[in-house]
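The structure appears below as structure tokens.
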Amino acid sequence: MALVIYNTLTRKKEEFVPLKPGRVHIYVCGPTVYGHPHIGHAKSYISFDAVVRYFRYLGYRVKYVQNITDVGHLTDDADEGEDKILKKAREEKLDPMQVAEYYTWSYFDDMQALGVIRPDISPRATGHIIEQIELIKVLLKKGYAYEVNGNVYYDVTKFKDYGKLSGRKLDELMAGARVEVNPEKRHPADFALWKRAEPGHLMRWPSPWGEGYPGWHIECSTMSMKYLGETFDIHGGGIENVFPHHECEIAQSEAATGKPFVRYWMHNNMVTVNGTKMGKSLGNFITIKEALKKYTPHTLRYFVLSSHYRSALDFSDEALTAAEKGIDKLLATVKNLLKALGNAGEVSDFTPPFSPEEFRKRFEEAMNDDFNTPRAIAVLFDLSRELNAYLNRAEALHKPFLEEVNVLYQQLGGEVLGLIPKDLKVDTGAELQGSIEKIIQITIDIRNELRKEKMFKLADRIRDRLSEIGIILIDKPEGTTYEFKETES
RNA sequence: GGCGCCGUACCCAAGUGGCUAAGGGGGAGGUCUGCAAAACCUCUAUUCGCCGGUUCGAAUCCGGCCGGCGCCUCCA
């Protein structure tokens, strides 16, 4: 089955055909860096991380660009109000670029913690002022924009396709306008490409229209086309950006180049907390840093990927606790596998108890269907049940077979979903832990002597106390083993 | 007011015209165990918000209603 993607532009699932064979050019709207990233960012970027990882798994050469917005987004009204970064800078008495830099790194740190692979290019808006001015000049020259008092606006009535992504019509936009009409605009839906800097405005650049700063949609058009070409494969972002942000991007880009801008538009759904939207300006958001105090990165990743990217995800402690149990179960199985791999050998006339390739196929079918990660995860659980059953019942284990299964976990659960760490600890003989392990072994030996003497109360106390510090004893007919409780990666 | 999405078991969540409605969590029982833990096995929705309609056949398509959410203002 071919890879299909739900395209917001056509509202249908469409087979993915790259513009250049074997390559994927993808742009995803990045964060505005004026605060610590929250779990909504986590959902968005983990989802697209899985998309990019899957393309790479399929063998595509991917060029993944994600902007860092360090200027330009305003606090309230489209054209009035104060730049969010400037606001933060004033509140914290910092240079705006200090604010942007600080939160850019906060973002990178959190993404790394969540196992999100860095985009190939993370262009900053302030680093592309010249290119943005050039694009605005083209739009003016082609008659799609007009200047008033050092402000440049895009004339939406000139672009006949305006509304094709979001399904909106200009007259409807007028009727529903909640914002006071800016008298400088010819049409209420016109949007700013360049804003004149008032005296005292800290972030300002010279331009043909005087000192000012770019509007909020122009950076994405500029930077995506600069690095990916005038037409590229995929543009992703949050569903709330369909209108106006992405609609405006299309208007700017296609007006300037006369070519289709993006072939597949992908939009991920929102995170809600207790059923209501989480937004930066609502102040009810949970930062990734807060979430990571309570849950492991793998739990958060698993939680995000266990629902589809186009579904809304409700964040609650119950759901996260269930997710934690789920991912622990998956990781426990992989650990069992790694342990078994240690004592496995060659079994003559071996008959495979199940077909690993069958599971790979099912996994790929799920991912090919618009990146259906919940279904893909379900396949991994089905595989786990088969594997555990084999590990339990087989008296002699066939090493090549276990290795094949291990590769499957590493590729599907590891490389693609980022749920299974490459260096998963198998709780045996790590050098650093050598002496600790000897001590545990001594404790176990003594406890087993107690058990032989039927002094179970004391034996259980030893097990309970060890359990309190995260060492779990497992009594089997062949003897006692132990493992460290999974707390991190 | 306009546009759009969603409602599947106790919870989370796939499935969107036809074999037994995935998977995870939780719960019940069992194998194993001195007891546990882990793992495995069995059970836990004759039914998919409600009401009509289309169809040989619908959770899936159409219409209406009820409920929840999002966008139309910066937001992932």
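The chains referred to below are lettered A, B, ... by the order of the sequence lines, with proteins before strands, and numbering in each begins at 1. Just so you know, these numbers use all the heavy atoms, side chains as well, and skip hydrogens, waters and symmetry mates.
Using a 4.0 Å cut-off between a side-chain N of Lys or Arg and a carboxylate O of Asp or Glu, A:D109 and A:K289 do not qualify as a salt bridge. A salt bridge links A:R447 with A:D475: the distance from a Lys NZ or Arg NE/NH1/NH2 to an Asp or Glu carboxylate oxygen falls below 4.0 Å. Using a 4.0 Å cut-off between a side-chain N of Lys or Arg and a carboxylate O of Asp or Glu, A:R463 and A:D460 qualify as a salt bridge. A salt bridge links A:R360 to A:E357: one of the charged nitrogens lies within less than 4.0 Å of a carboxylate oxygen.
Distance check on atom C1': B:rA38 versus B:rU33 gives 12 Å, rounded to whole Å. Remark: the separation of the P atoms in B:rG23 and B:rC56 is 33 Å, to the nearest Å. A distance of about 23 Å separates the C1' atoms of B:rA36 and B:rC43, rounded to the whole Å. B:rG27 sits 23 Å from B:rC32 when the P atoms are compared, rounded to a whole Å. Across the P atoms, B:rG63 and B:rC69 are found 24 Å apart, a figure rounded to whole Å. Nucleotides B:rC62 and B:rG7, compared at atom P, are 14 Å apart to the nearest Å. B:rU60 and B:rC41 have their C1' atoms separated by 33 Å, given to the nearest Å. On the P atoms, B:rC10 is 28 Å away from B:rC5, given to the nearest whole Å.
The residue among A:E240 and A:A323 whose nearest nucleotide of RNA chain B is located toward the 5' end is A:A323. Residues A:L473 and A:I239 each lie close to RNA chain B; by heavy-atom proximity, the contact nearer the 5' end of the strand is made by A:L473.
For A:R463 and B:rC35, a side-chain-to-base donor-acceptor distance below 3.5 Å is present, hydrogens and geometry of angles not being considered. On a pure distance criterion of 3.5 Å, a polar donor-acceptor pair joins the side chain of A:D475 and the base of B:rC35. Scanning atom types as modelled, no donor and acceptor separated by under 3.5 angstrom connect the side chain of A:D382 and the base of B:rG24. On a pure distance criterion of 3.5 Å, a polar donor-acceptor pair joins the side chain of A:R451 and the base of B:rG34.
Using the Watson-Crick or G-U wobble rule with both distances under 3.5 Å, B:rG17 pairs with nothing in any strand shown. Here B:rA45 sits opposite no nucleotide as a Watson-Crick or G-U wobble pair (both hydrogen-bonding atom distances under 3.5 Å). For B:rG1, the paired nucleotide is B:rC72, the pair qualifying as Watson-Crick or G-U wobble because both relevant distances are below 3.5 Å. Base pairing of B:rA39: its partner is B:rU31, meeting the Watson-Crick or G-U wobble criterion (both donor-acceptor distances under 3.5 Å). With a cut-off of 3.5 Å on both pairing distances, the Watson-Crick or G-U wobble partner of B:rG7 is B:rC66. With a 3.5 Å ceiling on both atom-pair distances, the Watson-Crick or G-U wobble partner of B:rC61 is B:rG53.
We find that the ring of A:F456 and the base of B:rG34 stack, their centres lying under 5.5 angstrom apart and their planes tilted less than 30°.
A:R447 comes within 4.0 angstrom of a base, heavy atoms only. The residue A:K329 sits close only to the backbone: its heavy atoms come under 4.0 Å of sugar-phosphate atoms, none of a base. Contacts of A:R362 with the nucleic acid, taken as non-hydrogen atoms under 4.0 Å apart, are absent. If you check every strand for non-hydrogen atoms under 4.0 Å, A:F303 touches nothing. Within the nucleic acid shown, A:H308 comes within 4.0 Å of sugar-phosphate atoms alone, with no base atom in reach, counting heavy atoms only. Among the atoms of the strands shown, only primed sugar atoms or phosphate atoms (P, OP1, OP2) are found under 4.0 Å from some heavy atom of A:S311. Across all strands shown, A:N372 has heavy atoms under 4.0 Å from sugar-phosphate atoms exclusively, and none from any base. Contacts of A:K325 with the nucleic acid, taken as non-hydrogen atoms under 4.0 Å apart, involve only primed sugar atoms and P, OP1 or OP2. The residue A:Y45 sits close only to the backbone: its heavy atoms come under 4.0 Å of sugar-phosphate atoms, none of a base. Heavy atoms of A:I377 sit nowhere under 4.0 angstrom from any nucleic acid atom. Among the heavy atoms of the strands lying under 4.0 Å from A:G237 are primed sugar atoms or P, OP1, OP2 only; no base atom is included. Residue-level contact check: A:G30 touches the backbone only, with heavy atoms under 4.0 Å from sugar-phosphate atoms and none from bases. Within 4.0 Å of A:V379, counting heavy atoms only, lies no atom of the nucleic acid at all.
A straight line from OH of A:Y482 to P of B:rA36 spans 25 Å, rounded to a whole angstrom. Taking atom CZ on A:R310 and atom C1' on B:rG15, their separation rounds to 13 Å, with Å as the unit. Atom CG in A:L391 sits about 17 Å away from atom P in B:rA38, given to the nearest Å. Put simply, NE2 on A:H38 is 11 Å from C1' on B:rC74, counting in whole angstrom units. Rounded to whole Å, the distance from NE2 on A:H246 to C1' on B:rA76 is 10 Å. The CG atom of A:L330 sits 22 Å away from the P atom of B:rC12 (whole-angstrom rounding). Rounded to a whole Å, the NE2 atom of A:H245 is 13 Å from the P atom of B:rC72. Whole-Å rounding puts the A:Y302 OH to B:rA14 P distance at 12 Å.
Although no hydrogens or angles enter the test, the distance criterion places no donor-acceptor pair under 3.5 Å between the side chain of A:N67 and the main chain of A:C220. When atom types are taken as modelled, the side chain of A:E449 and the backbone of A:I444 share no donor-acceptor pair closer than 3.5 angstrom.
One finds no side-chain N or O of A:N336 lying less than 4.0 angstrom from the OP1 or OP2 phosphate oxygen of B:rA39. Residue A:N388 places at least one side-chain N or O closer than 4.0 Å to OP1 or OP2 of B:rC40. Regarding contacts with the backbone of B:rG23, a side-chain N or O of A:R385 is found under 4.0 angstrom from either OP1 or OP2. In this model, the phosphate group of B:rA38 is not approached by any side-chain N or O of A:T333 to a distance below 4.0 Å at OP1 or OP2.
Under the 4.5 Å side-chain criterion, counting only non-hydrogen atoms from C-beta, A:C29 is in contact with A:H246.
Using bins of under 30°, 30° to 60° and over 60° for the plane-to-plane angle, the ring pair A:H41/A:H38 lands in the tilted bin. The aromatic rings of A:H245 and A:H217 are tilted relative to each other, their planes meeting at an angle between 30° and 60°.
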Intermediate values then yes/no, side chain to side chain donor-acceptor pair (under 3.5 Å), A:S384 and A:Y409: CA-CA 10 Å; A:S384 293; A:Y409 274 113; 2.8 Å; yes

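Side-chain proximity of A:T32 to B:rG24, B:rA76, B:rC40: nearest is B:rA76. Taking only side-chain atoms of A:P244, from C-beta outward, the nucleotide of B:rA76, B:rC72, B:rA13 with the closest atom is B:rC72. Nearest nucleotide to the A:A378 side chain, out of B:rG23, B:rA14, B:rA76: B:rG23. Closest to the A:R375 side chain, of the nucleotides B:rA13, B:rA76, B:rG15, is B:rG15.
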